[in-house]
Every structure is written in C-alpha cells, then in structure tokens.
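This one's a predicted model, so the numbers in the text were calculated from it and none came from an experiment. What you see below is based on every heavy atom in this structure, not just the backbone, and it leaves out hydrogens, waters and symmetry mates.
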Amino acid sequence: MALQTGHITYIVKRNQNQSITEQQADYMMATLSNPFESLTGVFKGIWALFLGFTFWNNGEILMATLMFIFSVMLFYYLVLMLNTSVIKQVKWLSSIKPNSLIINLETLFFFIILMSYITVNI
C-alpha cells in the first residue's frame, strides 16, 4: 500500500506536463499492487492458521474456529497470486478475479476479532 501511495503522489506531483501516459501509470499500479497484496494475504492466511493451532492448544475453541475460517482465505490469495504471476494464463485461474469488497471486509473482521480478543482478555 505504501508503494501504491508513493506512486500516486509521484504521478500527481510530477506529471503536470502529461509526460507519463495513463497506460504507463496503470501498468505501474498493477505492478505495485497485485502480486504484493496477494503475497501479504498469503502471509495473513498462514498467520491465521498458526493462530488457530495456538488457540486450539490453549482450549479456546471459538477463537480457534474463527482463525481456521480466516485461514481458508489462504487458498483464495494463492490463486490470485498465481493468476498474476504466471506467464501463460490458465483458464480456471483467470476466471477468479480479486474482489476488493471481500478482501477489505475479511481484513477488517480479522483484525476486529483479534483486537476484541486482546481487549477482553487483558
């Protein structure tokens, strides 16, 4: 996200004479966003999986179940990352598109649940 923000501010500040075309700006935004956001989603899914195992070992079944549900998103992020990383498009991979609403809501609920757990158990 920091790379995207830096790119947007660079384009706005330094492109007064339109030397950078819209196509070039879109290319840079896609290069800076798609693979990196998918990779962070993969890391978040692995983190949720490990948190699920930890909660399960501590006997907190509700939190473990919630974390295992969030870890299922790992597969969605892996498919998105593969789709942006492969050179020759795979038909079933290209049919799965990133949905920003799902990604943002999943991230919001994930951190709300973790913050609620930390707040209640301190």
*With sequence neighbours excluded, what pairs up with F109 under the ring pair (Phe, Tyr, Trp, His ring centres under 6.0 Å) test?*
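Expected list: none.
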
*Applying ring pair (Phe, Tyr, Trp, His ring centres under 6.0 Å), name anything that partners F43, two or more places apart in sequence or on another chain.*
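Result, ring pair (Phe, Tyr, Trp, His ring centres under 6.0 Å) vs F43: none returned.
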
*Does the ring centre of F68 sit less than 6.0 Å away from the ring centre of F55?*
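So the answer is no for these two rings.
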
*Centroid-centroid under 6.0 Å between F70 and W47 rings*: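 Ring centres of W47 and F70 not closer than 6.0 Å.
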
*Please list all pairs passing the side chain to side chain donor-acceptor pair (under 3.5 Å) test where one or both residues lie in residues 103-122, with sequence neighbours left out.*
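Every pair satisfying side chain to side chain donor-acceptor pair (under 3.5 Å) with a residue in residues 103-122: K44-E106, K44-T107, E60-Y117, Y77-E106, Y117-N121.
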
Does [X] belong to the same Ile/Leu/Val/Met/Phe/Trp/Tyr cluster as [Y], with side-chain heavy atoms less than 4.5 Å apart forming each link?
X    : Y    : value
M63  : I69  : no
F50  : M73  : yes
L101 : F111 : yes

*Atom pair CD1/CG of I112 and L105 - distance to nearest 0.5 Å*: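 Between I112 CD1 and L105 CG, I get 9.5 Å after rounding to 0.5 Å.
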
*L39 side, atom CG; L80 side, atom CG - distance, nearest 0.5 Å*: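 Spacing of CG (L39) from CG (L80) equals 12.0 Å.
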
Write down the atom of [X], the atom of [Y], and the distance for their closest heavy-atom approach.
X    : Y   : result
I103 : Y76 : CG1-CE2, 4.0 Å
S71  : G45 : CB-O, 3.6 Å
F110 : L51 : CZ-CD1, 4.3 Å

*Qualifying residues under side-chain contact (heavy atoms from CB on, under 4.5 Å), relative to L82, sequence neighbours excluded*: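 By the side-chain contact (heavy atoms from CB on, under 4.5 Å) rule, L82 matches L93.
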
_List the residues meeting side-chain contact (heavy atoms from CB on, under 4.5 Å) with I61, not counting sequence neighbours, and say none if there are none._
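For I61, the residues satisfying side-chain contact (heavy atoms from CB on, under 4.5 Å) (neighbours in sequence not counted) are W56, T65.
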
_Test applied, side chain to side chain contact (heavy atoms under 4.5 Å, CB included); reference residue, M67; option that passes from L62, L114, T54, L49_ =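 Running side chain to side chain contact (heavy atoms under 4.5 Å, CB included) over L62, L114, T54, L49 with M67 returns exactly one hit, L114.
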
_Selection residues 68-83 - residue pairs positive for salt bridge (charged side-chain N to carboxylate O under 4.0 Å, His left out), sequence neighbours left out_ =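 Listed by first then second residue: nothing to list.
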
